[in-house]
Trainee: 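My questions all concern the structure below.
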2 protein chains.
Amino acid sequence: MLGKRQNEMLKIIVEEYIKTAKPVGSKSICDSLNCSSATVRNEMAYLEDIGYLEKTHTSSGRVPSELGYRYYVDNLMKPKELTGEEVLTLQTILSNQSLELSDAITKSMEIISELTNYTSLVLGSSISDNRLKKVEVVPISDNSVIAIIITDKGHIENKTIAINENISVDEIRKMVDLINNLLVGTLIDEVNKKLEFEIKPIIGKYIKQQEAIYNMFYNAFNEMTSKKDNYHFSGKTNFLKAPEFDSADKVRSIVDKLEDKDVISSIEETSSGINVYIGDESNIDSDVTVIKTKYIVNGEEGTIAIIGPKRMKYDKVIGMLEYIKGEIEK
Amino acid sequence: MLGKRQNEMLKIIVEEYIKTAKPVGSKSICDSLNCSSATVRNEMAYLEDIGYLEKTHTSSGRVPSELGYRYYVDNLMKPKELTGEEVLTLQTILSNQSLELSDAITKSMEIISELTNYTSLVLGSSISDNRLKKVEVVPISDNSVIAIIITDKGHIENKTIAINENISVDEIRKMVDLINNLLVGTLIDEVNKKLEFEIKPIIGKYIKQQEAIYNMFYNAFNEMTSKKDNYHFSGKTNFLKAPEFDSADKVRSIVDKLEDKDVISSIEETSSGINVYIGDESNIDSDVTVIKTKYIVNGEEGTIAIIGPKRMKYDKVIGMLEYIKGEIEK
DNA sequence: TTTAGCATTGTCAATAGTTGAGTGCTAATT
DNA sequence: AATTAGCACTCAACTATTGACAATGCTAAA
């Protein structure tokens, strides 16, 4: 545990660095600490020894290490209250009765992205733990129907199916009946296995154009499981304006990561506090921090996240996420 | 019109520059033209005079101007045939019967993005010229239903509606009947106007919780019209690896543009040839070229586009787009 | 019309010198 | 025992300066 002055000093250094993006020198902070720059230097050397500060080169000022940020977030920082104005902006969205909840969440995260100038992400939960609830068929014209697949947790997928000599509405309905009778309750991930081993063998008895229709549904379920598109970014490049992202390579590599569905789904949070992943922990870039939390509202769960530079206004962002999480969960 | 040698020379310079990204000097190409570097220089000076070439500084080699690229594309270049391997890869997708057409298009453009290392875009047509065909309601649980909105051109939008004390399934059905009786055939863009002026005034007679239900549908239609999400990128940052995109600012600005829905929808192409928009014409960046074409398949239309550096392999890309367009339109 | 030859131009990379902000350490001070 | 003043030292960042080089334009000869 650090002494009082050391705490104060680390806090000042982190916040100064967050503000200016420049290594913090001893002279610049000795006023705020009421002591000489030499004293500051001694303390700084100690904080560096125990791994909370770093230098960019032998004679540079100090920069917080990842450990330093961590200590700051865990012990020195207090989440910042939102301003009246901010609360107002968010309330007009959150209290809009005619907005569906998930839309309200997305909209408020868009606002937060604008207010903070970082990137926001709303990530619906993966559907692999959803179970098939039912399949519906709706004819929409003489030569097409929509098949609607519904899961127990409310995920919906629709797929338009063309009708032709090979495929009749009647046959599709028979297939749907089969599925509804035999596969309801199956994990979405496993529907296709069952489709292949339980439905396919008996399908010939009921349906003429088995091959075409079987493929149709096989594909529809396949799409549903492979679809990880259940997310929504806002301000995707906002934070990349910070001076630490000054190389084309770096910008490209981060943008690439934010396009990568595997990376995105790895952001899904499982614990419900406000969790802070600093630098390398973010799995995106050593200069990036991700702050996220899981929300659960009547059974539906998801992750909301703010992605920004490691040199991020932690107090502000954590305050906002706490607020939003609180609001949507009631 | 240029002379024979001038044509040849411009072609060589453009292709050399596309390959190396370095200004082309007189010495390096005099062998291919069977004349001395001095002669090349004289001709180069002429091509520069008439605006087809540029210099990066007084004593640098030459670089094609936008006009030069244009002339190259219009007069000097021949679309390149696909290799057997490429045709094969694309055919396995295009001939897969169980893929819906739009999926097949998206998939093949993904392949093309990989084959060329540029960015591909499939852009569904805007739905503003669609007309309302019908609205369906499907109950999915005790406390929710899906409303499905279908247009004459086959666009489908679904929206989950929560049922509670305020909103009953019965009332929703009544509303849907009203809409299906009175608004079918209306342009999607105008549905909400009609909803407000034709349905709202008479709604009270039939439905109790008019306000809530009215808002529900108003929002659903609103979402449908404002949703321009009908597009699909592949390899969004591929081409940014080219050496001309070496500044963080440039990368950021292009990525920003490719995130911007207004920019994306401005890419929609109205003419059906293969159209080439070079540099500033691309509306994205002076170093970017967009090559695109419109396709129409049984009533449904859309745009496919390749986005890459101005220094792009025009022959390859144009060849591929021609091929794909031909394939999907049959 | 083409080409050889030459002065000229601007880029690039290397080198060197200067400045200034910052450090660490030691010895004196409180 | 803690603080501070003072001083030597380090390094990045900036500014010239230089030479090598790859082009050019132009002129005069072929």
Side-chain angles (χ1 to χ4, degrees), chain A residues 1-10 12-17 19-65 68 243-244 246-248 287, chain B residues 2-10 12-65 68 243-244 246-248 311:
Chain A
M1 204 55 193
L2 299 182
K4 195 179 158 199
R5 189 173 63 193
Q6 290 164 337
N7 272 329
E8 205 175 330
M9 199 168 120
L10 186 52
I12 290 173
I13 293 174
V14 172
E15 288 176 353
E16 184 66 14
Y17 183 65
K19 209 191 295 171
T20 64
K22 298 211 193 316
V24 181
S26 55
K27 220 190 256 172
S28 71
I29 60 167
C30 57
D31 274 6
S32 341
L33 287 166
N34 286 319
C35 61
S36 76
S37 64
T39 311
V40 175
R41 280 202 292 284
N42 288 332
E43 297 279 40
M44 275 176 158
Y46 174 71
L47 289 177
E48 187 181 356
D49 265 2
I50 59 173
Y52 288 176
L53 294 179
E54 281 167 355
K55 284 189 285 195
T56 60
H57 58 89
T58 38
S59 73
S60 79
R62 297 307 205 292
V63 159
S65 68
E244 49 266 57
D246 57 351
S247 101
D287 279 323
Chain B
L2 299 181
K4 194 178 159 201
R5 189 173 63 192
Q6 290 163 338
N7 273 330
E8 205 175 329
M9 197 166 123
L10 186 53
I12 290 174
I13 293 174
V14 172
E15 288 175 354
E16 184 66 15
Y17 183 64
I18 287 175
K19 208 190 297 168
T20 65
K22 298 213 193 316
V24 180
S26 54
K27 220 189 258 172
S28 71
I29 60 169
C30 56
D31 274 6
S32 339
L33 287 165
N34 287 318
C35 61
S36 78
S37 64
T39 311
V40 174
R41 280 203 290 283
N42 287 333
E43 296 279 39
M44 275 177 159
Y46 174 72
L47 289 177
E48 187 180 356
D49 265 1
I50 60 173
Y52 287 175
L53 294 179
E54 281 168 354
K55 284 189 284 197
T56 62
H57 57 87
T58 38
S59 71
S60 79
R62 298 306 205 290
V63 160
S65 67
E244 50 267 57
D246 58 350
S247 101
R311 204 175 51 73

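Numbered from 1 within each chain, the chains take letters A, B, ... in sequence-line order. All heavy atoms count here, side chains included; hydrogens, waters and symmetry mates do not.
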Trainee: Please give me every residue in residues 16-29 of chain B whose heavy atoms get under 4.0 Å of an atom in DNA chain C, ordered by residue number.
Mentor: none
Trainee: Return the CG to CZ distance between B:N34 and B:R5, rounded to the nearest 0.5 Å.
Mentor: 10.0 Å
Trainee: Report the distance from atom NZ of A:K55 to atom P of C:dA21, rounded to the nearest whole Å.
Mentor: 18 Å
Trainee: Produce the list of close N/O pairs, under 3.5 Å, pairing protein atoms with atoms of nucleotides 27-29 of chain C; give distances to one decimal.
Mentor:
none

Trainee: Quick check for you: to the nearest 0.5 Å, what is the distance between B:I12 atom CD1 and B:L33 atom CG?
Mentor: 4.0 Å
Trainee: How long is the gap from SG on A:C35 to CE on A:M9, to the nearest 0.5 Å?
Mentor: 8.0 Å
Trainee: Pull out every residue in residues 44-52 of chain B that has a heavy atom closer than 4.0 Å to any atom of DNA chain C, ordered by number, or say none.
Mentor: none
Trainee: Could you state the interatomic distance from CG (B:L53) to CD1 (B:I13), rounded to the nearest 0.5 Å?
Mentor: 4.5 Å
Trainee: Out of A:E54, A:R41, A:M44, which residue meets the side chain to side chain contact (heavy atoms under 4.5 Å, CB included) rule with A:R62?
Mentor: A:M44
Trainee: Determine: side-chain N/O of A:R41 to OP1/OP2 of C:dA21, distance under 4.0 Å, yes or no.
Mentor: no
Trainee: Hey, does A:T39 reach any base, or is it just sugar-phosphate, or nothing, if we go heavy atoms under 4.0 Å?
Mentor: base
Trainee: Using a cutoff of under 3.5 Å, can you pull out all pairs of nitrogen or oxygen atoms linking the protein to nucleotides 17-19 of chain C, with atom names and distances?
Mentor:
none

Trainee: In the 5'-to-3' direction, what one-character label does each nucleotide of nucleotides 8-13 of chain C receive under the scheme B = base within less than 4.0 Å of a protein heavy atom, S = sugar-phosphate only, - = no such atom?
Mentor: -BBS--
Trainee: C:dT23 C1' sits how many Å from A:E54 CD, rounded?
Mentor: 16 Å
Trainee: At the 4.0 Å heavy-atom cut-off to chain A, mark where contacts on DNA chain D begin and end, going 5' to 3'.
Mentor: D:dT3 to D:dA12
